[in-house]
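Data block below; observations after.
By convention in this document, chain letters (A, B, ...) are assigned in the order of the sequence lines, proteins followed by strands, and residues within each chain are numbered from 1. As a basis for the values below, the full set of heavy atoms in this structure was taken, side chains included, without hydrogen atoms, waters or symmetry mates.
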Number of protein chains: 2
Amino acid sequence: MSSVKEVAKRANVSVATVSRVLNNDPVVKQSTKEKVLEVIKEMNYKPNLLAKNLRKQASKTIVMVLPAMSNPYFAEIARGAQAAAYDFGYHIIIGTMESKRWILDTYVNLLKTNLAEGMIFVSSSADRELLQTLVGDYPIVLCTENYPGIGATCVSIDNKQAGYEATRELLRRGHRSIAYIAGNRQSSSVLGRIEGYKEALIEAGIEYNPELVAGSKNNFENVTEAMNGILGKGFGIDGVITHSDLQASYILKGIKENLIPLEASIGLISFDGTFIAEITNPSITTIVQPLYDLGYTSVHQLVLKLQNDLAEAPQGVVILPHELVIRET
Amino acid sequence: MSSVKEVAKRANVSVATVSRVLNNDPVVKQSTKEKVLEVIKEMNYKPNLLAKNLRKQASKTIVMVLPAMSNPYFAEIARGAQAAAYDFGYHIIIGTMESKRWILDTYVNLLKTNLAEGMIFVSSSADRELLQTLVGDYPIVLCTENYPGIGATCVSIDNKQAGYEATRELLRRGHRSIAYIAGNRQSSSVLGRIEGYKEALIEAGIEYNPELVAGSKNNFENVTEAMNGILGKGFGIDGVITHSDLQASYILKGIKENLIPLEASIGLISFDGTFIAEITNPSITTIVQPLYDLGYTSVHQLVLKLQNDLAEAPQGVVILPHELVIRET
DNA sequence: ACTCAAAATGTAATCGATTACGAAATGATG
DNA sequence: CATCATTTCGTAATCGATTACATTTTGAGT
């Protein structure tokens with residue numbers, strides 16, 4: 001219930017002075033500043049940010065949209081994002097889509113109703129069309145995807161290179177017929193990795209066979225289905241690359257439960273580098289992405305945009321390093 | 001930039017009428033309502049919620065604080081919470097503590113500065129003292145913990161019963177010397193489960209030995225240390241119960257890597273029922289908690305409190321059912 | 001056509017902070 | 001002590017919506 005007005009009265013100053021103290025405006029005399037601060041403490045006064053936000057036309061809030069939280073991959077990105085938001089003095093609302101496209105609108109409305117100042121889309125949470133309509137009006141950052149020229153800052157790893165390295169590793173071990181379980185959507189990360197996969201194969205003198213590539217969601221049934229779809233074509237698969245740790249763990253599970261006719265000793269490399277790859281048996285060789293940093297950097301880039309309210313902010317691409325970590329598969 | 005004032009001008013009505021249309025107040029004549037709606041669509045007008053929130057003294061926002069997001073356990077609770085927030089028309093800010101006590105204050109400040117209307121603490125994210133100071137001033141819900149008489153609604157499973165059932169299952173299989181890797185803090189859920197463990201032992205004529213119980217965080221090093229601490233006492237452990245799936249997965253990992261001197265065939269039961277228990281090899285027998293529902297119900301309870309602004313809202317305890325799911329361990 | 005209650009709309013205050021602008025206090029200087 | 005530049009502070013407008021209250025319009029009834 002307490003307000004600047006009451007603080008002002010109790011401190012025998014005007015509301016303006018109280019406000020100045022709150023925003024430590026250097027023009028207020030030291031003695032009155034102390035007096036006001038004392039009253040503030042006495043009354044246990046906290047400014048009403050609803051009022052402040054209205055007057056300043058800024059909520060100091062940003063939004064990050066993730067496809068889902070159940071995948072530790074996204075959880076780790078979210079962790080980095082939260083840390084950055086805190087560091088830069090912003091509130092962050094982290095929302096998940098859970099495969100329901102229309103939920104996106106509720107988050108976009110946070111921008112349109114002035115509750116949020118900027119937005120980060122992680123992975124393929126937003127399609128190109130939506131992005132196009134937003135990019136002109138609001139500061140937008142894409143995390144883990146890279147759509148050049150779309151007018152949003154993109155923060156990701158070099159997916160093509162990563163796909164190349166994963167494939168090279170399997171080739172180095174002598175695998176020749178490598179299946180690729182890709183992501184569910186035709187996002188830039190999915191396509192980029194496949195590009196790298198293709199390049200490594202060709203470089204090794206192996207023909208790229210699209211029949212060995214199948215998209216899949218992050219659930220057991222889907223992965224099993226996709227894998228068996230490829231196996232059913234009879235190309236004698238001896239290696240597998242998956243778009244995520246989770247998919248790889250489901251492949252191992254499928255093998256163990258005799259739902260996927262492969263040996264557990266097959267060459268298997270996944271992307272992400274979450275703890276999942278460490279707790280499976282066998283543990284999984286992965287391309288480790290700097291997930292925390294991806295989240296952190298995305299927020300940082302967004303904050304930069306918000307602060308240079310001019311379109312001065314870098315609209316470009318930020319590429320973070322990845323790393324191939326060899327484990328048991 | 002558009003505001004009610006501009007809409008009013010374009011529609012030849014007053015701001016009051018526009019506002020009434022926005023809140024579909026039935027007193028406005030159908031024809032003017034349509035006219036206003038048309039102008040709104042034309043101008044692509046969206047109300048500024050910063051202004052609305054200030055005037056209404058309500059942000060329609062709640063906060064949920066989790067210890068961390070990296071554990072799928074919490075991610076699933078968060079998922080349920082988000083769904084409920086959406087269903088009941090609230091915004092939700094989900095924050096994690098990441099073991100840093102002081103971060104809590106930033107979330108509590110959302111309440112104190114009117115940015116949020118109520119708060120949910122999951123697991124042991126808030127200590128009793130903090131809760132005491134908040135419960136009088138704000139609507140609070142505790143999720144997965146149960147502190148009777150604290151003035152907050154508590155939503156959880158029956159931890160004592162669950163601990164009892166887990167222990168009974170191992171006893172049924174003939175295990176007699178059962179170690180208990182508990183949670184890190186002395187929270188009600190941790191203590192409740194140990195109560196059940198104790199009760200089942202006594203019922204089976206086995207003396208409760210506190211030396212077989214050790215707390216541990218959710219990381220590999222800590223779990224290994226705790227487990228080996230117990231094993232070092234030479235009680236011939238033949239069964240283990242852990243507070244979380246993650247801990248259990250780390251025990252399996254420790255065994256596999258020969259860091260924990262136990263057989264993989266040991267009796268092992270954990271709590272939670274996340275997908276982790278399904279992707280390990282062997283898969284883990286767990287007490288499955290209704291995580292999504294715990295999150296959903298917590299938000300629902302909070303919303304009830306917010307709507308009955310009287311202290312009419314049920315201050316009690318909501319107990320959700322758990323289930324023992326037998327897998328390979 | 002007149003009355004008057006009901007229906008529809010408008011005027012202006014309000015939420016609680018920030019801030020442009022102007023006024024007052026201060027104090028150094030001649 | 002008068003002057004005037006600096007400091008310091010206060011008044012009132014403002015952000016954009018909601019809403020109490022006042023006012024006008026409408027239309028049924030006579």
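Residue pairs meeting the ring pair (Phe, Tyr, Trp, His ring centres under 6.0 Å) criterion with at least one partner in residues 30-77 of chain A, sequence neighbours excluded, do not occur; the list is empty. For residues 70-82 of chain A, every residue pair satisfying the salt bridge (Lys or Arg N to Asp or Glu O under 4.0 Å) rule, not counting sequence neighbours, is listed here: A:Glu76-A:Arg79. Listed by first and then second residue, the ring pair (Phe, Tyr, Trp, His ring centres under 6.0 Å) pairs that reach into residues 96-119 of chain B are A:Tyr86-B:Trp102, sequence neighbours excluded.
Remark: C1' of C:dA17 and CG of B:Leu115 are 13 Å apart, rounded to the nearest angstrom. If you take NZ of B:Lys5 and C1' of D:dT18, they are 14 Å apart, rounded to a whole angstrom. One can place CG of A:Asp25 at 11 Å from C1' of C:dT18, the figure rounded to the nearest angstrom. Distance CD (B:Glu6) to C1' (D:dA17): 13 Å, rounded to an integer number of Å. Between the C1' atom of D:dG16 and the CG atom of B:Asn23 lies a distance of 13 Å, rounded to the nearest Å. Spacing between atom NZ of B:Lys9 and atom C1' of D:dG16 amounts to 14 Å, rounded to whole angstrom units.
With A:Ser188 contributing its side chain and A:Asn146 its backbone, the two residues share a donor-acceptor pair below 3.5 Å. Panel note: side chain B:Asp25, backbone B:Val27; a donor-acceptor pair is recorded below 3.5 Å. Of the possible polar contacts, none joining the A:Gln132 side chain to the A:Ile150 backbone as a donor-acceptor pair under 3.5 Å is found. Judged by distance alone, the side chain of A:Thr113 and the main-chain N or O of A:Asn109 form a donor-acceptor pair under 3.5 Å. Side-chain N or O atoms of A:Thr297 include one that pairs as donor or acceptor with a backbone N or O of A:Asp293 at under 3.5 Å. Between the side chain of B:Glu117 and the backbone N or O of B:Lys60 there is at least one donor-acceptor pair closer than 3.5 Å. Side chain of A:Gln301 to main chain of A:Val141: no donor-acceptor pair is present (N/O by atom type, distance under 3.5 Å, no hydrogens or angles).
Note on A:Asn114: nothing from the nucleic acid sits closer than 4.0 angstrom, heavy atoms only.
Here B:Gln57 does not reach the OP1 or OP2 of C:dT14: none of its side-chain N or O atoms lies under 4.0 Å away. For the OP1/OP2 pair of D:dT18 and a distance below 4.0 Å, the side-chain nitrogens and oxygens of B:Ser19 include at least one atom meeting the criterion.
In the helix from C:dA1-D:dT30 to C:dG30-D:dC1, the terminal helix axes, each the rotation mapping four pairs' C1' atoms onto the next four within five end pairs, subtend 50°, rounded to 10°.
Against DNA chain C, the stretch residues 40-54 of chain B makes heavy-atom approaches under 4.0 Å through B:Leu54.
Ion pairing between A:Asp127 and A:Arg101 holds under the 4.0 Å rule for side-chain N and carboxylate O.
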Problem - Heavy-atom protein contacts under 4.0 Å, nucleotides 4-12 of chain C, coded B base, S sugar-phosphate only, - none - result: ----SBBBB

